[in-house]
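Below is one structure, written out as structure tokens; comments come after it.
Just so it is clear, the values below take in all heavy atoms, side chains as well, and ignore hydrogens, waters and symmetry mates. Naming: A, B, ... by sequence-line order, numbering from 1 per chain.
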Number of protein chains: 2
Amino acid sequence: MIRLLLADDQALVRGALAALLDLESDLEVVAQVGRGDEVVEAARASGAEVCLLDIEMPGLTGIDAAAELRRELPGVRSLIVTTFGRPGYVRRAIEAGASGFVVKDTPARQLADAVRRVHSGLRVIDPDLAAESLIDGPSPLTGRERELLTYALDGSPVATIAARVHLSEGTVRNHLSAAIGKTGATTRSEAARIAQDRGWL
Amino acid sequence: MIRLLLADDQALVRGALAALLDLESDLEVVAQVGRGDEVVEAARASGAEVCLLDIEMPGLTGIDAAAELRRELPGVRSLIVTTFGRPGYVRRAIEAGASGFVVKDTPARQLADAVRRVHSGLRVIDPDLAAESLIDGPSPLTGRERELLTYALDGSPVATIAARVHLSEGTVRNHLSAAIGKTGATTRSEAARIAQDRGWL
DNA sequence: ACCTCACCGTGACACCTGTCATCGAGTGGG
DNA sequence: CCCACTCGATGACAGGTGTCACGGTGAGGT
């Protein structure tokens, strides 16, 4: 009997996944949480062996939750289950110590198998995403560039961004210009979108 | 026995919802599709009585699929099940003839009840969303403004948008300026984001 | 010690963007 | 019929934006 923890901010999806996995005779959902920062505590209390983690969650990212699990409960394995198969996500998930990465597009019947493999110590990674993540390479963005791009995501004017990070307007423009060059974009909005698509933010 | 059709582009979520609903003794999932433009055909072939429709789907929106169902198979009821509880979505869903609107944040155990109510002819609408949708009013955007805003969503330069719709650059700027005023924004990117949040696109 | 690189800043320049005034054509309601 | 509204367009202007050149600091590697 493999003991599972589910972390997803959408209650309906969480409950549905629980129903799906409980159909398997060798799987048992022992905990469910809707926030990233509740994962470790719930995992400890429930004695979960495998944690299925969504990435977009309030409190803490699924990837960050996987890193925390690695530190606090090294015996627990984590499997990222997410909507967005962004190349950078795969890389960061593996670096955070996750044992698997599955997108929500995969057929439902394959999920239980992925869980079993992760539980037995194998790595489960979507082959297409692994390839993309390799050819793409790691993020070329510096810390500042990444930070400023996240603020540029909604199309804020440079002045607003500069005020938010307490920097000169010219400096912000320069960092963003560098980011635009690295992403191959022509405007900061486009650069921000591209960076997000690749999981660089 | 209520016969259900599930439409959601994420196979895992679709399968999980099927597992969840099949646990109920009076419900039966008789069809599953991953595209909006396959809904009507599948509903006809399977004899579904209630269709659970996601909004974001390839081919056709869940809302548009509900409208098509209304026309082609008036006896079939539709229940929108979506991630985003945008006020404009609720309004458009009801206008399209949907009988219910539920966000994926709601507890899993409430879904089956929602399905039963819809099947018995009642309307099921998230009360918070209904209120928001009322105070918000309908979209103030004209057709052109809405169209141009969708192209502005990714931060494209005005010149690119103008070329795409075969309009003068100045005209595009004027329409976008109007949209910026109506949304209370200061840039077209912000206006586009606000309009999308309210379900005006 | 030297080099590299990320970081912060200034100034200048060409270009893009948002706003406003103004025009004409078409549509539908009172 | 006239009015209100949308749509398309032009021109002009202030201000925002992207790029480049240049300078300076500090951390880390050789």
Side-chain angles (χ1 to χ4, degrees), chain A residues 88 91-92 95 136-201, chain B residues 88 91-92 95 136-201:
Chain A
R91 171 179 301 268
R92 276 157 54 197
E95 286 171 359
D136 230 56
S139 167
L141 301 175
T142 69
R144 269 301 192 204
E145 285 160 6
R146 195 180 58 246
E147 182 189 5
L148 296 183
L149 273 186
T150 62
Y151 290 131
L153 260 178
D154 56 3
S156 305
V158 172
T160 306
I161 302 178
R164 179 128 57 146
V165 294
H166 306 294
L167 283 180
S168 143
E169 213 168 305
T171 302
V172 171
R173 278 214 299 262
N174 282 342
H175 282 304
L176 287 177
S177 185
I180 290 171
K182 288 177 183 176
T183 52
T186 55
T187 66
R188 64 178 183 290
S189 301
E190 194 189 350
R193 210 177 36 75
I194 291 175
Q196 195 182 42
D197 276 354
R198 302 201 184 152
W200 290 350
L201 303 184
Chain B
R91 173 179 299 269
R92 277 156 55 196
E95 286 170 0
D136 229 56
S139 167
L141 300 175
T142 69
R144 268 301 191 203
E145 286 161 7
R146 196 180 57 246
E147 180 189 6
L148 296 183
L149 274 185
T150 63
Y151 290 132
L153 261 179
D154 56 4
S156 305
V158 171
T160 306
I161 303 177
R164 180 128 56 145
V165 294
H166 307 295
L167 284 179
S168 143
E169 213 168 305
T171 303
V172 171
R173 279 213 298 264
N174 282 341
H175 285 303
L176 288 177
S177 185
I180 289 171
K182 289 176 182 173
T183 51
T186 55
T187 67
R188 64 179 183 289
S189 301
E190 193 189 351
R193 210 176 36 76
I194 292 175
Q196 195 183 40
D197 276 355
R198 300 198 185 155
W200 290 350
L201 302 184

Is it true that B:Arg92 and B:Glu95 make a salt bridge, defined as a side-chain N closer than 4.0 Å to a carboxylate O?
no
Side-chain N or O of A:Ser177 less than 4.0 angstrom from OP1 or OP2 on D:dT19?
yes
With a 4.5 Å cut-off on side-chain heavy atoms, are B:Val172 and B:Tyr151 touching?
no
Closest to the 5' end of DNA chain D, once A:Leu176 and B:Glu169 are matched to their nearest nucleotides, is B:Glu169
Atom-pair distance (CD1 on A:Ile180; P on D:dC20), nearest Å:
11 Å
Per atom distances to the A:His175 side chain, the nearest of C:dG18, C:dC8, D:dG16 is C:dC8
Value in whole Å for how far the P atom of C:dA25 lies from CG of B:Leu167
18 Å
According to a strict under-4.0 Å criterion, is A:Arg144 in side-chain N/O contact with OP1 or OP2 of C:dA6?
no
Which one, D:dT6, D:dT19, C:dG18, comes nearest to the side chain of B:Thr142?
D:dT6
Using a cut-off of 4.0 Å on non-hydrogen atoms, how would the nucleic acid contact of A:Arg173 be classed: base, sugar-phosphate, or nothing?
base
Find the distance A:Glu147:CD to C:dC7:P and express it as a whole number of Å.
10 Å
With a 4.5 Å heavy-atom cut-off, do A:Leu176 and A:Leu149 have their side chains touching?
yes
Whole-Å distance between D:dG18 P and A:Glu190 CD?
11 Å
A:Arg146 vs A:Leu201 side-chain heavy atoms within contact, under 4.5 Å:
yes
Walking DNA chain D from its 5' end, the first of B:Thr187 and B:Thr171 to be reached, judged by nearest nucleotide, is B:Thr171
Specify the separation, in whole Å, of atom NE2 of A:His166 and atom P of C:dG9.
12 Å
Phosphate OP1/OP2 of D:dG18 contacted by A:Thr186 side-chain N/O (<4.0 Å):
no
So if I take every side-chain heavy atom of A:Arg188 and compare against D:dG18, C:dT17, D:dA9, which nucleotide ends up nearest?
D:dG18
For a 4.5 angstrom cut-off between non-hydrogen side-chain atoms, does A:Thr142 reach A:Lys182?
yes
Select one nucleotide: of D:dG16, C:dG9, D:dA9, the one nearest the side-chain heavy atoms of A:Asn174.
C:dG9
